[in-house]
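Input: a single structure, listed below in structure tokens.
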Amino acid sequence: MDFYHLLPKIELHAHLNGSLSNSTLAELRELKYGKEVPSGTDDCFYKILNGESLTLEECFKKFQYAHDLTDRREALARATERVIEEFAKDSVIYLELRTTPKCTAQMTKREYLTTVLDVIRKSSENQRGIVVKLLPSIDRSKGVQEAMENVNLAIELSSSFPGLMVAFDLSGNPFGTTFSDFVPALQRAREHGFRLALHCGEFEDEQEVKEMFALGVDRIGHGTFIEGENLAFAQEHKIPFECCLTSNVKCKTVPSYEDHHVAKLLKLKHPVCVCTDDFGVFETSLSQELKICASTFSLTNTDMVEMQRNAIEYSFASEQEKKELRAKIEQFSETLSKEL
Ligand SMILES: CNc1ncnc2c1ncn2[C@@H]1O[C@H](COP(=O)(O)O)[C@@H](O)[C@H]1O
Ligand SMILES: [Zn+2]
């Protein structure tokens, strides 16, 4: 089996509903609508079911499908299980999964969040060799009131799920929203012990990045357009970047793998971790992302092991968990050096 698959990996930036593979979508579709693919099913889902290649626009439709198919507890639980299983199958040993709690016709936001948390708790009880944490997300497009609702809900539930919700994410379509409006909610999360892993500098807005830094960001999601003074600040404070290569190339926020900003960060020896973002939507895996990173920037296997070792330090795992994760990487590294 190949090195990237076997390498014990750390995933720090993955959205639950973007991480549903084609087979998971097919399974959830059957759960909701039955075996028959009804006539009139749009071509795109038909392509997904048949594993045909998709255009970018069709890839983005997967978010809509995913949201439709995870609108009730059983389906959401199944989706969460599948995502954890597929990361574990890819030798991911630590996963920080993020999701926006949603209120649907069939469930409340509280039910949404407890469903996901219950599955995560069970997955660690089953000892699948993967540690999973949850980062509740704030979807910017849903507005400030929902943001505060999410924070209050997470605060309320955190004592029932100790150690599982470690940080808050801010994501979603940023256009037409103002970051400062979300500061009170994020500040409240912070005061209650949540770290902040925000989508930051995903588009060009120097001022917004400054405001995020002023609030305090523990990790930067993407950071595509962080340059100049802001980059200097990130360097001074050693704020890690979560770099999602295929996501950025497919969304065209970077022109190519070669031109991805991770190149600049690697050169600066700035803390970075390579992540998938939405492996279902962008049809990738963490192994594949690491392989692309290594081959594009001529990194060795030793460099890639080191990248995973470093990612442990950027994670929001507890000290005990970090110790156990480090041991797994060391064990792999020793086996590797014996084979050489
Ligand atoms: C491509 N780059 C991105 N930039 C910003 N937000 C993104 C994103 N990819 C995903 N999301 C956010 O995650 C949601 C899906 O997962 P959940 O329903 O929360 O589990 C999307 O609806 C969007 O809000
Ligand atoms: Zn993201």
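No hydrogens, no waters, no symmetry mates; every other heavy atom, side chains included, goes into these values. Just follow the structure's listing: the first ligand is 1, and inside any ligand the first atom is 1.
- Ligand 1 has at least one atom lying under 4.0 Å from a heavy atom of Lys102.
- Taking a 4.0 Å cut-off on heavy atoms, Ser137 fails to register as neighbouring ligand 1.
- If you check which protein heavy atom lies closest to atom 20 (O) of ligand 1, you get Thr99 OG1, 2.6 Å.
- Residue, atom and distance of the protein heavy atom nearest to atom 19 (O) of ligand 1 are Thr100 N, 3.0 Å.
- When all heavy atoms of Cys293 and Leu299 are compared, the closest pair comes out as SG-CD1, 4.0 Å.
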From CA spacing to verdict: side-chain contact (heavy atoms from CB on, under 4.5 Å), Phe3, Met304: CA-CA 10 Å; Phe3 166 81; Met304 299 320 282; 4.1 Å; yes

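- His199 and His13 have their aromatic ring centers within a separation under 6.0 angstrom.
- With respect to atom 13 (O) of ligand 1, the closest heavy atom belonging to the protein is His15 ND1, 3.0 Å.
- Looking only at protein heavy atoms, the nearest one to atom 1 (C) of ligand 1 is Asp277 OD2, 3.3 Å.
- Closest to atom 23 (C) of ligand 1 among all protein heavy atoms lies Gly172 CA, 4.0 Å.
- A donor-acceptor contact under 3.5 angstrom links the side chains of Tyr112 and Lys102, judged on distance only.
- Under 4.0 Å is where a charged nitrogen must lie from a carboxylate oxygen, and between Asp68 and Lys32 at least one such pair does.
- Checked for salt-bridge contact, Asp2 and Lys291 meet the test: a charged N lies under 4.0 Å from a carboxylate O.
- Around the Zn ion (ligand 2), the protein contributes the following N, O or S atoms under 2.8 Å, ordered by chain and number: His13 NE2, His15 NE2, His199 NE2, Asp277 OD1.
- Nearest to atom 9 (N) of ligand 1 among the protein's heavy atoms is Asp278 OD2, 2.8 Å.
- Ranking protein heavy atoms by distance to atom 4 (N) of ligand 1, first place goes to Glu202 OE2, 2.7 Å.
- Phe175 and Phe203 have their aromatic ring centers within a separation under 6.0 angstrom.
- Considering His199, Arg140, His67 only, the shortest heavy-atom separation from atom 22 (O) of ligand 1 involves His67.
- Side chain of Asp218 to backbone of Leu196: a donor-acceptor contact under 3.5 angstrom is found.
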